[in-house]
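Everything below concerns the one structure shown next.
Atoms within a ligand are numbered from 1 in the order they appear, just like the ligands themselves.
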Amino acid sequence: MIKFLDLQKINLQYQKEIEAKLLQVFRSGWYLLGKEVENFESDLANYIGVKNTIGVANGLDALRLIFKAYKELGVMQSEDEVIVPANTYIASVLAISDNGLVPVFVEPDPQTFNIDISKIEEKITSRTKAIMIVHLYGQVVFSEELRILAEKYNLKIVEDNAQAIGAEWNGIKTGNLGDAAGFSFYPGKNLGALGDSGAVSTRDDQLAETVRILANYGSSKKYINKYQGLNSRLDELQAAVLDIKLKYVDRENEKRRKVANYYLENIKNPEIILPFISDCPVNKSHVWHLFVIRSEKRDELQEYLSRNNIQTLIHYPVPPHKQEAYSSYNLLSLPLTEKLSGEVLSLPMSPVLTEEEMEHICKIISKF
Ligand SMILES: *Cc1c(COP(=O)(O)O)cnc(C)c1O
């Protein structure tokens, strides 16, 4: 069976280094709010090219904390609206609604499946306070027009950068394109921990300070609480592992690009639409968290691949507005998002996929 993602194989590449470090942290007796987190935060900030990063417990919390901080700072209030792509993982939307803000869905670009920037302005009202962009599947979504639009209406741009660490737009890394960004280091992400963790990045010192306090019970001084915060901290063990893996993330993203290029050149089947890249495939606008193909015969194709020992996944089978959790949005009509959810299929994608596996996958798919 060719696995969709072989996490064990990915992490065993760094076995010696990680095991030695874990043992060191274990023996240190210091497990939270220590120098491993500090080191990782500063290395991540350098890597992104952004002034502040704050390690938190997971990617959803990173996004939740950004909006919570904007509310504490008076930038946003309950019932304010946040533009969000309709075609995204539910966490993007949860971060908004959990803060009493209202998600306003925008349909995807039919080629990239990322938010259609040209459809944002028509959704802006007097209550709109932010645009959330999601660099879905690892592909950057940004433009000068978007920046100008945000400026014109005085909107914050919040990046959901859970899937695109290392991607760049005109030499600027994702996580430094908007006003604030949330990262996820869920084990399966391009930079994955050995459990849950995440981070916030921002140029804005005041926002950074507020997020840091909110993530630590709303307290900057022990037992003195400024806000009604959360407990959402990155721990020392995860930070130590992430700091090691961060050194290799560019190399791993480069391998993902090789896999993607191989697929793009070798999958030949009229039943299948291959992913579209805004620029040339070798550049840095895509870090290929996922390689998502599209087919009207998606379910049949997935079953065929499974019979041929190729594991695939669907990102995502039910869009957020069609979930029971968002029943008040269930009747919204977002036809392109809905159509995509019935046609997308994610092929095995990882930095440790072998040439033989890639060859086999392409051969099998081309025969479907
Ligand atoms: C993974 C993911 C998240 C949430 O991250 P967690 O660490 O799992 O909480 C948010 N948004 C997107 C687009 C994701 O893929």
Side-chain angles (χ1 to χ4, degrees), residues 4-5 7 40 44 53-68 82-99 101 103 105-106 108 112-115 130-142 157-167 174-175 177-178 180-201 211 215 230-235 238-239 241-242 245 249 253 256 286-292 313-321 323 325-326 337 340-341 344 346 349-350:
F4 175 73
L5 180 68
L7 277 181
F40 174 62
L44 181 65
T53 65
I54 304 102
V56 299
N58 56 66
L60 171 58
D61 276 6
L63 296 167
R64 282 167 75 199
L65 283 159
I66 291 168
F67 289 107
K68 197 168 168 66
V82 178
I83 306 272
V84 64
N87 185 45
T88 185
Y89 182 54
I90 196 157
S92 319
V93 187
L94 288 171
I96 297 167
S97 60
D98 184 63
N99 277 292
L101 300 164
F105 297 103
V106 171
T112 64
F113 312 168
N114 263 325
I115 193 168
I131 301 168
M132 186 191 283
I133 51 175
V134 183
H135 308 295
L136 202 66
Y137 316 144
Q139 177 158 227
V140 179
V141 58
F142 199 77
I157 296 179
V158 176
E159 297 176 75
D160 177 339
N161 197 29
Q163 302 190 355
I165 188 165
T174 54
L177 291 167
F183 291 71
S184 166
F185 308 120
Y186 171 82
K189 299 288 159 79
N190 287 32
L191 176 59
L194 308 181
D196 278 319
S197 51
V200 171
S201 66
V211 166
L230 331 167
N231 175 3
S232 181
R233 299 177 300 216
L234 173 61
D235 68 68
Q238 297 302 344
V241 172
L242 288 167
K245 291 186 73 182
V249 76
N253 283 343
R256 288 172 181 272
H286 207 323
V287 292
W288 299 100
H289 173 57
L290 299 171
F291 190 95
V292 178
L313 294 176
I314 296 168
H315 299 91
Y316 298 94
V318 182
H321 74 283
Q323 298 283 354
Y326 285 112
T337 301
L340 284 178
S341 68
V344 290
S346 306
M349 168 52 79
S350 93

Return yes when atom OH of Tyr137 has more than 12 non-hydrogen atoms of other residues, nucleotides or ligands closer than 6.0 Å, and no otherwise. yes
Test ring-ring contact (aromatic ring centres under 6.0 Å, His included) applied to Phe142 - qualifying residues, sequence neighbours left out: Trp169
Using a cut-off of under 3.5 Å, which N/O atoms of ligand 1 pair up with protein N/O atoms, and what distance separates each pair?
| from | atom 1 | to | atom 2 | distance (Å) |
| --- | --- | --- | --- | --- |
| ligand 1 | 5 (O) | Ser184 | OG | 3.2 |
| ligand 1 | 7 (O) | Gly59 | N | 2.7 |
| ligand 1 | 7 (O) | Ser184 | OG | 2.7 |
| ligand 1 | 9 (O) | Gly59 | N | 3.3 |
| ligand 1 | 9 (O) | Leu60 | N | 2.8 |
| ligand 1 | 11 (N) | Asp160 | OD1 | 3.3 |
| ligand 1 | 11 (N) | Asp160 | OD2 | 2.7 |
| ligand 1 | 15 (O) | Gln163 | NE2 | 2.8 |
| ligand 1 | 15 (O) | Lys189 | NZ | 3.1 |

Taking the six-membered ring for Trp, are the ring centroids of Phe105 and Tyr326 within less than 6.0 Å of each other? no
Side chain to side chain contact (heavy atoms under 4.5 Å, CB included) partners of Ser341, counting only residues at least two apart: Pro319
Considering residues at least two apart in sequence or located in another chain, which fulfil the side chain to side chain donor-acceptor pair (under 3.5 Å) criterion with Ser197? none
Met349 to Leu5 - nearest heavy-atom pair and separation: O-CD1, 3.6 Å
